[in-house]
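Single-structure report; data block below.
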Amino acid sequence: MDSQPTLTLNDGRVMPQLGLGVWQTPDSLAAPVVGAALEAGYRLVDTAAIYGNEAGVGRGLRSTGITARSLFVTTKLWNDSHGTEAPVAALDHSLSRLGLPAVDLYLIHWPTPARARYVETWRALIALRETGKARSIGVSNFTTPQLAQLIEETGVVPAVNQIELHPRFQQRELRAFHEEHGIVTQSWSPLGQGKLLDHPVLVEIARKHERTAAQIVIRWHLDLGLGVIPKSATPHRIRENIAVFDFRLDEADKARIAGLDDPRGRLGPHPDDFN
Ligand code: NAD
């Protein structure tokens with residue numbers, strides 16, 4: 001299990017490339033789900049204050065006897081906590097719910113441009129990293145101009161930008177910007193919320209490799225060098241989604257999946273409109 005792939009962040013820290021997403025996993029279910037994921041070999045869990053399950057995630061993290069040092073926990077600052085002071089309290093609340101002294105990665109969940117406080121909020125995260133309560137800091141759902149502004153005004157490049165990314169919405173331009181600036185791209189809704197998995201191209205590639213379509217899509221993210229955080233609350237799918245380290249896609253598979261990109265493929269809100 002320890003041989004799973006990792007990504008090195010621009011602050012020198014190492015993050016597992018694959019993790020478990022827990023959006024829409026109820027707090028009451030989060031502990032057994034996270035416990036099952038750790039048993040299956042996952043070492044990264046992606047939660048957020050707004051998911052309402054940090055307490056359950058924390059119980060799950062403590063349920064297996066795996067040392068906290070070998071785990072990687074991400075949580076996110078919700079939109080109502082932008083500012084200079086609010087992020088300090090928001091992170092403290094998240095840590096007390098998680099039962100942890102620090103998170104491995106703290107993200108600004110959305111830029112919420114109508115608030116116009118994301119640069120100030122980013123400065124607050126930079127200060128939180130200094131305290132050690134957030135070991136690495138990054139953002140989520142930031143666009144190219146918003147990232148450029150953060151970098152220009154603070155000189156600190158986010159370690160990660162977690163964005164909607166799946167075969168129907170491949171985000172090539174944003175990925176290129178990330179690469180140029182040393183930002184790790186982490187894909188949310190990596191399976192297209194499960195809606196992509198009966199696409200004939202994916203089904204065919206899955207049959208060829210004797211894998212499931214979910215495994216093909218997760219492998220595609222890994223082969224592109226992206227972080228990937230598929231969500232499942234079903235133990236057999238949790239295991240299936242991490243059983244992807246012993247095969248690779250070939251060039252023909254990748255070309256076919258590249259062809260599924262669609263400018264109308266976005267499933268979530270546009271970051272400029274979500275406040
Ligand atoms: P996803 O693409 O991971 O799809 C999850 C759904 O796919 C499941 O609910 C299930 O229906 C299906 N599925 C999962 N594994 C399967 C399998 N092996 N076979 C068949 N079906 C399977 O969608 P998601 O939950 O939206 O995204 C993953 C994670 O990304 C979230 O849990 C959350 O942690 C994160 N996320 C972040 C943001 C953000 O704004 N930063 C937004 C959305 C999601």
Side-chain angles (χ1 to χ4, degrees), residues 15-27 29-30 33-34 36-37 40 42 44-54 56-57 60 72-79 94 98 103-112 118 137-143 146 158 160-171 174 184-199 202-203 206 211-222 226-244 260 265-275:
M15 177 176 86
Q17 198 176 356
L18 182 123
L20 179 79
V22 296
W23 179 41
Q24 293 176 325
T25 299
D27 193 48
L29 209 64
V33 163
V34 167
Y42 292 73
L44 183 156
V45 179
D46 180 86
T47 184
I50 194 67
Y51 299 170
N53 58 18
E54 290 172 310
V57 166
F72 192 104
V73 181
T74 302
T75 195
K76 314 185 193 84
L77 173 101
W78 187 237
N79 301 345
S94 284
L98 286 161
V103 284
D104 295 284
L105 180 62
Y106 198 40
L107 303 178
I108 303 177
H109 206 146
W110 291 87
T112 68
Y118 56 80
I137 53 173
V139 296
S140 179
N141 300 301
F142 273 54
T143 62
Q146 291 159 351
V160 169
N161 189 16
Q162 185 185 109
I163 54 172
E164 179 178 346
L165 202 162
H166 43 76
R168 266 255 178 272
F169 196 63
Q170 300 189 14
Q171 299 260 34
L174 196 43
V184 163
T185 307
Q186 196 178 44
S187 306
W188 66 250
S189 292
L191 305 173
Q193 299 175 355
K195 293 169 194 158
L196 285 179
L197 301 177
D198 56 359
H199 192 287
L202 298 174
V203 171
R211 300 284 166 157
T212 66
Q215 290 174 319
I216 296 301
V217 174
I218 293 166
R219 190 65 239 179
W220 174 79
H221 291 273
L222 297 176
L226 310 172
V228 58
I229 46 172
K231 180 254 175 181
S232 176
T234 310
H236 81 266
R237 286 178 170 173
I238 289 173
R239 288 192 296 273
E240 176 185 323
N241 292 349
I242 198 175
V244 291
L260 302 183
R266 192 191 286 280
L267 296 169
H270 191 291
D272 283 343
D273 305 328
F274 190 70
N275 293 291

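As the structure lists them, so they are numbered: ligands from 1, and atoms in each ligand from 1. Index from 1, following the sequence.
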Checklist entry - Can you list, by chain and residue number, every protein residue with a non-hydrogen atom closer than 4.0 Å to ligand 1? => result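 Around ligand 1, where the cutoff is 4.0 Å for heavy atoms, the contacting residues are G21, V22, W23, D46, Y51, K76, H109, W110, S140, N141, Q162, W188, S189, P190, L191, G192, Q193, G194, L197, A214, I229, P230, K231, R237, E240, N241.
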
Next on the checklist: Looking only at side-chain N and O atoms, does T47 offer a donor or acceptor that is under 3.5 Å from a partner on E54?
Outcome noted: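 Judged by distance alone, the side chains do not pair up.
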
Next on the checklist: Is it the case that the side chain of N53 and the backbone of V22 share a donor-acceptor pair, with hydrogens and angles ignored and the cut-off at 3.5 Å?
Outcome noted: yes

Next on the checklist: Can you list everything that forms a side-chain hydrogen bond (donor to acceptor under 3.5 Å, both in side chains) with T25? Sequence neighbours excluded, please.
Outcome noted: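 side-chain hydrogen bond (donor to acceptor under 3.5 Å, both in side chains) list for T25, sorted by chain: empty.
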
Item to check | Any residue meeting side-chain hydrogen bond (donor to acceptor under 3.5 Å, both in side chains) with Q193, in chain and number order, not counting sequence neighbours | outcome: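 Q193 satisfies side-chain hydrogen bond (donor to acceptor under 3.5 Å, both in side chains) with S189, K195 once adjacent residues are dropped.
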
Next on the checklist: If you define the side chain from C-beta out and look only at heavy atoms, does anything of Y118 sit under 4.5 Å from T112?
Outcome noted: no

Under 3.5 Å, which donor-acceptor pairs do the side chains of residues 266-275 form with other protein atoms, sequence neighbours left out?
unit_1	atom_1	unit_2	atom_2	d
H270	ND1	D272	N	2.9
D272	OD1	Q146	NE2	3.3
N275	OD1	A114	N	2.9

